[in-house]
Amino acid sequence: MIQIAIMGLGTVGTGVAKVVAENAKQIERKLGEPLQVKTILVRNFKDGPYRQLMTDDFKKIEEDGDIRVVVETIGGVEAAYEYTKRALEAGKHVVTANKQLVAEKGAELLALARKKNVNYLFEASVGGGIPILHPLTQCMAANRIDEVYGILNGTTNYILTRMVRTGAFFSDALREAQAKGYAEADPTADVEGIDAGRKTCILADLAFGHQVDPAEVPMEGITKLSLRDVKIAQRAGYRVKLLGRAVRLPGGGRTAYVAPHLIPEEHPLANVEDVFNAVVVKGNATGEVMFYGKGAGELPTASACVADVMECLQASPKRDEIGWSPDTTGFEDPQELHTRYYFRIEGSLTDAAMAFGQVEVLSEDGETAFLTDRISGQDAHQQSKFLNVLACMRVLA
Ligand code: HSE
């Protein structure tokens, strides 16, 4: 019998307990022994099927030699960081879905895991149930990764889909996403692009091998997005999606950011809807490879956690290929990137043409919506300085 502990019994922690119980036979067949949740760390005791396993004392996990893997689903940094360090110090593997902790402290925790000859695995931290970190670091290991981009937040994709398809209000769609267990405890992290930003940092860390500090990554969510722009874009053959992008720059540097984008309707990301996420990885040998699936929710995310638990138990000694350097030099402002830009201005086509030269007009009715040629972020800013800009987004092309 292999015993594990779960820290935190929210959406993902509960999912992990359920997957371990419901898929016990498949898991046992693959591990050669039954897997059992022995202890669950909680802040407040709750009645229910796991009541007997609950403790509010981390030492019960830390000092229990029978517990080989700890699943951290507390979220946030403080307690999660402390308990993760202590569990690794105690020689236990740690598995997590906590993107904030991995984005901020991943390099340090991986170094500690390496020192203690255990694993720190976090497949569930990006893309929920989609296998993306293992393929990126293992299956695509022979490539130079030039770019990773995609729809990385299920809550905002769900909200946008509901608003566009059924005309739902933002607040109602957000409430639904919360009820379905997609949103973070504080949904500000979802709607302001911070959750997608943390996931973008993890993808960038692994793709480029250097720490990307979340504080340096511009993150814009969907709260300032107007349905008017979504409709103009749709009529012109585009969809609007919140994208995270991590890009290797021609000079050797790298950059990352999160923002709403116009996506041509024939692009595979354009039809990724509801809670689904999709991540595109551009390798210099493979070209573009896309990963698609449910990006949030109890069981998809738990599936990735439990697979990591099983990997810890099967992979001995620890795997080496997951990791990156804590050196953050070489990170550049995403304004360096050249893309087409969508603008909606209070003004005429003449105003737009005076600022940008030739533009592609999408709509003209007092306000003018148009697309520029490919320009840098600095030029987009500089050339629109004298316009009354009502909306501005990059175009994925
Ligand atoms: N709140 C996150 C989302 C959960 O909506 O994508 C999965 O990381």
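One is the number of the first residue; the rest follow in order along the sequence. Order of appearance sets the numbers: ligands from 1, and atoms from 1 within every ligand.
- Ligand 1 lies under 4.0 Å from heavy atoms of Lys99, Asn153, Gly154, Thr155, Tyr182, Ala183, Glu184, Asp190, Asp195, Lys199, Gly295, Ala296.
- Tyr257 and Glu216 share no donor-acceptor pair across their side chains, judged by distance under 3.5 Å alone.
- Hydrophobic cluster of Ile375: the remaining members, joined at side-chain heavy-atom separations below 4.5 Å, are Tyr341, Phe343, Ile345, Leu349, Phe356, Val359, Val361, Phe370, Leu387, Val389, listed by chain and number.
- Judged by distance alone, the side chains of Gln36 and Gln3 do bring a donor and an acceptor atom under 3.5 Å apart.
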Donor-acceptor pairs under 3.5 angstrom involving side-chain atoms of residues 295-309: please list them, not counting sequence neighbours.
unit_1	atom_1	unit_2	atom_2	d
Glu298	OE1	Lys18	NZ	2.8
Glu298	OE2	Lys18	NZ	3.3
Thr301	OG1	Gly297	O	2.7
Asp308	OD2	Phe122	N	3.3
Asp308	OD2	Glu123	N	2.8

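- Open room surrounds NZ on Lys180; 12 or fewer heavy atoms of other groups in view lie less than 6.0 Å from it.
- Every residue was checked against the salt bridge (charged side-chain N to carboxylate O under 4.0 Å, His left out) condition with Arg198, not counting sequence neighbours, and none meets it.
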